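What follows is a single structure, written as structure tokens, with notes after it.
What's counted below: heavy atoms across the whole structure, side chains too, no hydrogens, waters or symmetry copies. In this text the structure is predicted, and so the values were computed from the model without any measurement.
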Amino acid sequence: VLPWIIRDFSPEYLFYFQLSLIGILLNGIWPSVSYALVLQKKGKIHFFLETGQYLVAAAGMIVCLVLLRLKTVTLFLIPIITGAFSTLLALWFIRQDIVPGISKKWIQEIYKVGMPAIPYNLFELIGSTVDRYFIQRFINLYELGIYAHSKSYQKVFVMGSKSFDRTVV
């Protein structure tokens, strides 16, 4: 299926895809911890963790590109490195607030709030990836890489402004 979807398919891309999935998995806990820290008015800890992610990403990029001389794989390793950093530190800071267990009330709340959000989130996911699909399908993967990399710079500014807003509030 992948050679049909991706015009310039190479087996190396499967490795990059797996690295992307690991990065997504490691970064999955941060949004919940971020909101919990904001609701608990722990702005200093939130600022430390949010800023620490940027510093770890910058240091990781320097190490991967300059010292290790990695090229394309660096784009996939940085989310893994920052995800591991943010997950470990976030769990460390909220360890007192974590109570393992399953609550019927919260399962009902998840279904009540989560189920109506699925169509919206699905359309948002499709909307955020359809542009990339058409770029790689009708132009080439090189241009898609430039486009995706430029979007990552945009995310840096968005995440920085969100961090500042949540810390000040």
Side-chain angles (χ1 to χ4, degrees), residues 1-2 4-7 13-14 16-54 56-57 75-139 141 144-145 147-169:
V1 173
L2 286 177
W4 183 79
I5 294 174
I6 301 173
R7 185 173 65 167
Y13 301 152
L14 190 57
Y16 294 146
F17 179 68
Q18 291 167 341
L19 289 178
S20 296
L21 292 178
I22 293 170
I24 290 169
L25 177 68
L26 288 173
N27 284 292
I29 194 171
W30 173 244
S32 299
V33 172
S34 173
Y35 286 120
L37 290 172
V38 170
L39 290 175
Q40 293 174 353
K41 299 186 189 254
K42 295 182 178 178
K44 290 180 183 177
I45 294 173
H46 186 273
F47 176 76
F48 170 73
L49 290 173
E50 192 89 22
T51 306
Q53 289 178 10
Y54 294 116
V56 166
L75 295 172
F76 300 96
L77 289 178
I78 297 306
I80 293 172
I81 293 168
T82 56
F85 169 81
S86 65
T87 299
L88 291 174
L89 280 183
L91 290 175
W92 176 260
F93 280 111
I94 66 165
R95 69 186 183 283
Q96 296 91 0
D97 302 324
I98 297 175
V99 178
I102 297 175
S103 168
K104 183 178 178 183
K105 174 190 172 216
W106 287 111
I107 290 177
Q108 289 173 341
E109 187 72 19
I110 288 169
Y111 279 113
K112 188 170 81 174
V113 174
M115 289 305 211
I118 289 175
Y120 170 78
N121 289 330
L122 185 62
F123 285 122
E124 184 178 334
L125 176 69
I126 291 169
S128 68
T129 57
V130 75
D131 55 346
R132 293 178 182 174
Y133 172 76
F134 283 113
I135 289 172
Q136 75 83 24
R137 187 74 180 146
F138 296 108
I139 301 175
L141 286 175
L144 176 62
Y147 175 77
H149 195 68
S150 67
K151 292 290 260 186
S152 69
Y153 290 123
Q154 176 191 11
K155 287 181 185 178
V156 168
F157 293 110
V158 170
M159 288 172 38
S161 67
K162 281 185 180 180
S163 173
F164 180 75
D165 288 343
R166 290 179 184 157
T167 304
V168 174
V169 173

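Proximity of Gln40 to Asp97: side-chain heavy atoms (C-beta onward) are separated by under 4.5 Å at one or more points. Residues Arg95 and Trp92 meet the side-chain proximity criterion, which asks for heavy atoms closer than 4.5 Å. By the 4.5 Å heavy-atom criterion applied to side chains, Trp30 and Gln53 are counted as neighbours.
Without hydrogens or angle criteria, Thr82 side chain to Ala57 main chain gives no donor-acceptor distance under 3.5 Å. Checking side-chain atoms of Thr51 against main-chain N and O of Phe48 turns up no donor-acceptor pair under 3.5 Å. Side chain of Asn27 to backbone of Ile80: no donor-acceptor contact under 3.5 angstrom is found.
Rounding to the nearest 0.5 Å gives a distance of 8.5 Å between CD1 of Ile29 and OG of Ser86. Phe76 CZ to Ile81 CD1: the interatomic distance, rounded to the nearest 0.5 Å, is 13.5 Å. Rounding to the nearest 0.5 Å gives a distance of 10.0 Å between CG of Leu39 and NE2 of His46. Here Lys42 contributes atom NZ and Phe93 contributes atom CZ; the two are 9.5 Å apart, rounded to the nearest 0.5 Å. The CD1 atom of Ile126 sits 11.0 Å away from the CG atom of Asn121 when rounded to the nearest 0.5 Å.
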- Task: Report the C-alpha distance between Phe47 and Glu50 in whole Å, list the side-chain angles of each, state the deciding distance to 0.1 Å, and finish with yes or no for side chain to side chain contact (heavy atoms under 4.5 Å, CB included).
- Result: CA-CA 5 Å; Phe47 176 76; Glu50 192 89 22; 5.9 Å; no
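Closest approach of Gly127 and Val130 over heavy atoms only: O-CG1, 3.7 Å. Taking both residues in full, the closest heavy atoms of Leu26 and Thr87 are given as O-OG1, 2.5 Å, listed atom of the first, atom of the second, then distance. Annotation for Ile94 and Val33: closest pair CD1-CG2, 3.7 Å, computed over non-hydrogen atoms. Considering every non-hydrogen atom in both Leu49 and Phe85, the closest pair reads O-CE2, 4.2 Å.
Applying the 6.0 Å contact sphere to OH of Tyr35 captures no more than 12 heavy atoms from other residues, nucleotides or ligands.
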